[in-house]
Visitor: 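Questions regarding the structure given below will be posed in turn.
Note on naming: letters A, B, ... go to the chains in the order of the sequence lines (proteins, then strands), and numbering restarts at 1 for each one. Note that the coordinates shown come from a computational prediction; the quantities given were computed from them, not determined experimentally.
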Amino acid sequence: MSLQQQLTAGIQACVKKIYSADVPENLVQIQQTKKEFEGDLTLVVFPLLRVSKKNPEQTAQEIGAYLSDNEPLVTGYNVIKGFLNLVVDEKYYLQFLMDYASKPGFGYSPVTPDTELYMVEYSSPNTNKPLHLGHIRNNLLGWSVCEIIKASGKKVVKTNIVNDRGIHICKSMLAWQKWGNQATPESTGKKGDHLVGDFYVKFDLEYKKEIAALIAQGKSEEEAAKTAPLILEAQEMLRKWESGDLEVRSLWQTMNEWVYEGFDVTYQRLGIDFDKIYYESETYAVGRSTVLGGLDRGVFYQREDKSVWVDLTGEGLDEKILLRSDGTSVYMTQDIGTAQLRQQDYDFDKMIYVVGNEQNYHFKVLSLILDRLNYSWAKNLFHLSYGMVELPEGKMKSREGTVVDADDLMDEMIGTAREMANELGKLEGIPSEEQEAIFQMIGLGALKYFILKVDPTKNMTFNPKESIDFNGNTGPFIQYTHARIQSILRKAAETGAQATFTPAANTVITAKEKSLLKLIHEFPTVVQEAAKNLSPALVANYAFELAKEYNQFYHDHIIVQETDVSTRAFRLALTQTCGQVIKTAMGLLGIEVPERM
RNA sequence: GGUUCCGUAGCUCAGUUGGAUAGAGCAUCUGCCUUCUAAGCAGAGGGUCACAGGUUCGAAUCCUGUCGGAAUCACCA
């Protein structure tokens with residue numbers, strides 16, 4: 001039973017005793033005591049006034065007095081207005097440190113065989129252009145959410161749907177055919193995803209020219225966009241692809257291979273992985289037959305031009321196309337098929353889609369459609385809708401060349417880490433290979449933390465002109481604290497100092513030591529909260545809080561040089577545990593921590 | 001125009017189911033390295049929580065309206 005639960009039970013018993021009333025758990029509101037007051041946990045007494053029938057101060061006084069007499073965990077109390085501040089026995093925290101927090105696996109809840117299975121989709125790239133900062137947020141978020149859910153005691157399958165077919169892919173292919181001169185990643189020395197992306201841009205450029213020419217001939221913009229030769233050719237290519245045309249399929253395969261090789265490099269650097277990858281090219285047909293089945297059963301309807309639609313006007317939405325008039329599939333078709341396959345393959349309890357909030361409408365529609373098709377599991381789909389990464393000028397636009405490329409950004413961050421370390425002269429005497437590994441750790445740590453510390457649901461701003469910070473509330477700050485801790489532990493090991501400590505009746509600890517203990521004590525709760533809210537930001541902010549607290553402790557306590565053996569052992573145990581918790585928390589964010597920096 | 005989301009310090013962000021005097025970091029200014037890593041620590045200034053009402057013991061948080069911003073409503077994905 002947790003501290004809060006014990007205390008809640010104690011308070012319920014107390015209220016029963018002195019006011020002869022049963023109060024439900026949700027009226028016992030316990031929160032962390034604010035820093036400026038004395039105490040550790042605070043009971044908000046307002047909700048209890050209706051049973052005490054006394055004023056707030058008096059009620060708090062009575063409960064406080066009862067608890068300090070009858071509840072062993074409570075060693076003192078004070079009352080400020082309607083708030084009862086309780087002092088928790090230091091021994092409790094000390095015992096917690098030695099029995100739980102300092103042990104391996106602290107913070108994780110065990111996964112049992114009958115626990116729920118979560119399937120989490122993230123990344124979901126299009127194979128027509130390289131990854132940018134927006135994709136980085138998706139990948140980091142998805143990966144971290146998976147790790148956090150796992151740590152909270154659930155089973156997780158990380159999955160990805162690769163959008164490897166469709167009109168957008170045909171555009172790159174067509175441009176390559178027309179203007180590529182047989183270019184390959186080998187012949188150009190370009191990463192495959194970047195090379196293919198260049199042709200996607202080229203298509204758009206030429207397409208725009210055609211549109212402009214048609215408009216000059218007197219056509220409307222809409223008409224021009226629909227009848228430009230290039231788009232007609234791309235559409236023809238898509239039809240050929242769906243009918244299995246050998247030449248088109250072969251080019252498609254080749255160019256997708258290039259992109260995958262490029263993506264693999266990027267994924268690896270980001271530290272992202274998957275348990276099961278689905279390809280749209282393998283799932284869209286399932287979706288299509290489901291849609292046609294639904295059409296037979298009257299769930300959907302067909303227009304004169306043969307296109308298939310679902311009518312959601314009854315739900316306050318619009319009509320949505322499911323199959324084009326030429327029979328080819330759209331995005332929604334594929335998502336229907338993918339969901340079905342996943343349910344068949346894994347029989348998940350929950351399916352989480354990590355997809356940007358620009359697709360809120362899409363997922364609302366997807367759920368409704370699966371519901372109409374009578375799939376009982378449709379209600380288990382959840383869209384983790386995260387905010388856009390914006391530049392100070394607004395949204396990133398590939399057409400205007402304002403996208404922040406994922407590979408470039410990582411290079412830049414690692415470069416900055418290198419410069420800064422060299423300037424500070426911190427890594428002299430360390431083999432250069434190890435140095436490079438540390439630069440990478442720090443550069444990526446700065447980037448990952450910068451993104452993950454923000455509440456996923458909120459839009460965030462990234463200013464490319466101001467490089468990401470390495471001081472303050474940042475990844476490197478936390479990494480630095482870890483390195484510092486390891487340095488202390490190395491020193492301690494040299495002197496043979498012990499970190500094993502047994503709390504005694506006369507053990508006295510400082511205020512800072514106690515607040516550190518309290519913070520460590522909260523870690524498992526933070527992991528649970530983060531899993532419940534699908535928010536790595538909670539873990540990130542916790543890690544910062546802990547590192548900050550540790551640095552303050554470090555600043556005004558001697559550790560290795562402490563002469564009192566018991567005090568030294570306690571501080572070493574505290575230090576060791578802080579290092580461990582920082583490492584675990586950062587690990588949940590996909591951020592490695594160095595032994596020195 | 002319909003729907004949805006957002007608005008907290010100069011900037012980037014925290015702020016649990018409504019709880020105490022709204023917090024961090026960056027930037028600015030001031031101190032602290034002969035002592036375990038100064039990528040650190042301590043301190044100062046900086047706020048009409050967009051605005052106006054309402055709900056109640058109590059509102060940044062819930063409700064309504066106004067203003068400002070974003071997304072979406074495609075035979076794009």
Visitor: Does any donor-acceptor pair link the side chain of A/N85 with the base of B/rA20 at a separation under 3.5 Å?
Guide: yes
Visitor: If you check the A/P47 side chain, which of B/rC41, B/rG19, B/rA77 turns out closest?
Guide: B/rG19
Visitor: Take the protein atom NZ of A/K35 and the nucleotide atom C1' of B/rA14, then report the distance between them rounded to whole Å.
Guide: 14 Å
Visitor: Centroid separation under 6.0 Å, is that true for the rings of A/Y284 and A/W241?
Guide: yes
Visitor: Taking atom P of B/rC26 as reference, at what distance in whole Å does atom CG of A/N471 sit?
Guide: 7 Å
Visitor: Heavy-atom nearest nucleotide on RNA chain B for A/I488 versus A/I438: which residue maps closer to 5'?
Guide: A/I488
Visitor: Less than 3.5 Å apart, which donor and acceptor atoms pair up between the side chains of residues 167-175 of chain A and the rest of the protein, not counting sequence neighbours?
Guide:
none

Visitor: Which heavy atom of A/R596 sits nearest a heavy atom of A/A483, and at what distance?
Guide: CA-CB, 3.7 Å
Visitor: For A/F203 and A/Y200, I'd like to know if the aromatic rings sit close, meaning centre-to-centre distance below 6.0 Å.
Guide: no
Visitor: For A/L322 and B/rA77, give me the distance from atom CG to atom C1', rounded to whole Å.
Guide: 15 Å
Visitor: On the nucleotide B/rA77, are OP1 or OP2 found under 4.0 Å from the side-chain N or O atoms that A/R324 carries?
Guide: yes
Visitor: Grab the OH-P distance between A/Y449 and B/rA14 for me, whole Å please.
Guide: 11 Å
Visitor: Round to a whole Å and report the spacing from CZ of A/F37 to P of B/rA20.
Guide: 9 Å
Visitor: Between B/rG19, B/rC36, B/rC73, which one does the side chain of A/Y361 approach most closely?
Guide: B/rC73
Visitor: Can you classify the ring geometry of A/F462 versus A/F450 as parallel (below 30°), tilted (30 to 60°) or perpendicular (above 60°)?
Guide: perpendicular
Visitor: Measure from the ring centre of A/Y480 to the centre of the six-membered ring in the base of B/rG40, then say whether that distance is under 5.5 Å and the planes meet at under 30°.
Guide: no
Visitor: So, do A/Y554 and B/rG40 meet the stacking rule of ring centres under 5.5 Å and planes under 30°?
Guide: no
Visitor: Is a side-chain donor-acceptor pair under 3.5 Å present for A/T474 with A/D469?
Guide: no
Visitor: Rounded to whole angstrom units, what separation is found between the NE2 atom of A/H557 and the C1' atom of B/rG40?
Guide: 16 Å
Visitor: Kindly state whether the pair A/F46 / B/rG19 counts as stacked, where counting means centroids closer than 5.5 Å and planes tilted less than 30° apart.
Guide: yes
Visitor: Apply side-chain hydrogen bond (donor to acceptor under 3.5 Å, both in side chains) to A/Q359 and A/Y331, showing your working.
Guide: CA-CA 11 Å; A/Q359 293 189 34; A/Y331 184 50; 2.8 Å; yes
Visitor: If you find the nucleotide of RNA chain B closest to A/K34 and the one closest to A/S307, which residue's nucleotide is nearer the 5' end?
Guide: A/K34
Visitor: Give, for atom NE2 of A/H555 and atom OH of A/Y550, the distance between the pair rounded to the nearest 0.5 Å.
Guide: 13.0 Å
Visitor: Closest to the A/E390 side chain: B/rA70, B/rA77, B/rC26?
Guide: B/rA70
Visitor: Could you please name the option among B/rC26, B/rA77, B/rC41 that lies closest to any side-chain atom of A/E280?
Guide: B/rA77
Visitor: In the structure shown, which nucleotide is the Watson-Crick or G-U wobble counterpart of B/rA70, with both distances under 3.5 Å?
Guide: B/rU4
Visitor: Report the nucleotide, chosen from B/rG40, B/rA77, B/rA20, that has the shortest atom-to-atom distance to any side-chain atom of A/K81.
Guide: B/rA20
Visitor: Please report the distance, rounded to the nearest Å, between CD1 in A/I211 and P in B/rC76.
Guide: 13 Å
Visitor: Establish, yes or no, whether the cationic atom of A/R165 lies under 6.0 Å from the six-membered ring centre of A/W252 and within 45° of the ring axis.
Guide: no
Visitor: If you restrict it to nitrogen or oxygen atoms, what contacts under 3.5 Å exist between nucleotides 32-35 of chain B and the protein, and what is each distance?
Guide:
from: B/rU35; atom 1: O2'; to: A/Q561; atom 2: OE1; distance (Å): 3.4

Visitor: Enter the distance from A/I80:CD1 to A/N78:CG here, rounded to the nearest 0.5 Å.
Guide: 5.0 Å
Visitor: Please tell me which of the listed nucleotides, B/rC41, B/rA20, B/rC26, lies nearest to the side chain of A/N551?
Guide: B/rC41
Visitor: Between B/rU16, B/rG19, B/rA71, spot the one nearest the side chain of A/E529, thanks.
Guide: B/rU16
Visitor: Dump the pairs, protein N or O against N or O of nucleotides 5-13 of chain B, anything under 3.5 Å, distances to one decimal.
Guide:
from: B/rC13; atom 1: OP1; to: A/T461; atom 2: N; distance (Å): 2.5

Visitor: Specify the separation, in whole Å, of atom CG of A/D318 and atom P of B/rG1.
Guide: 17 Å
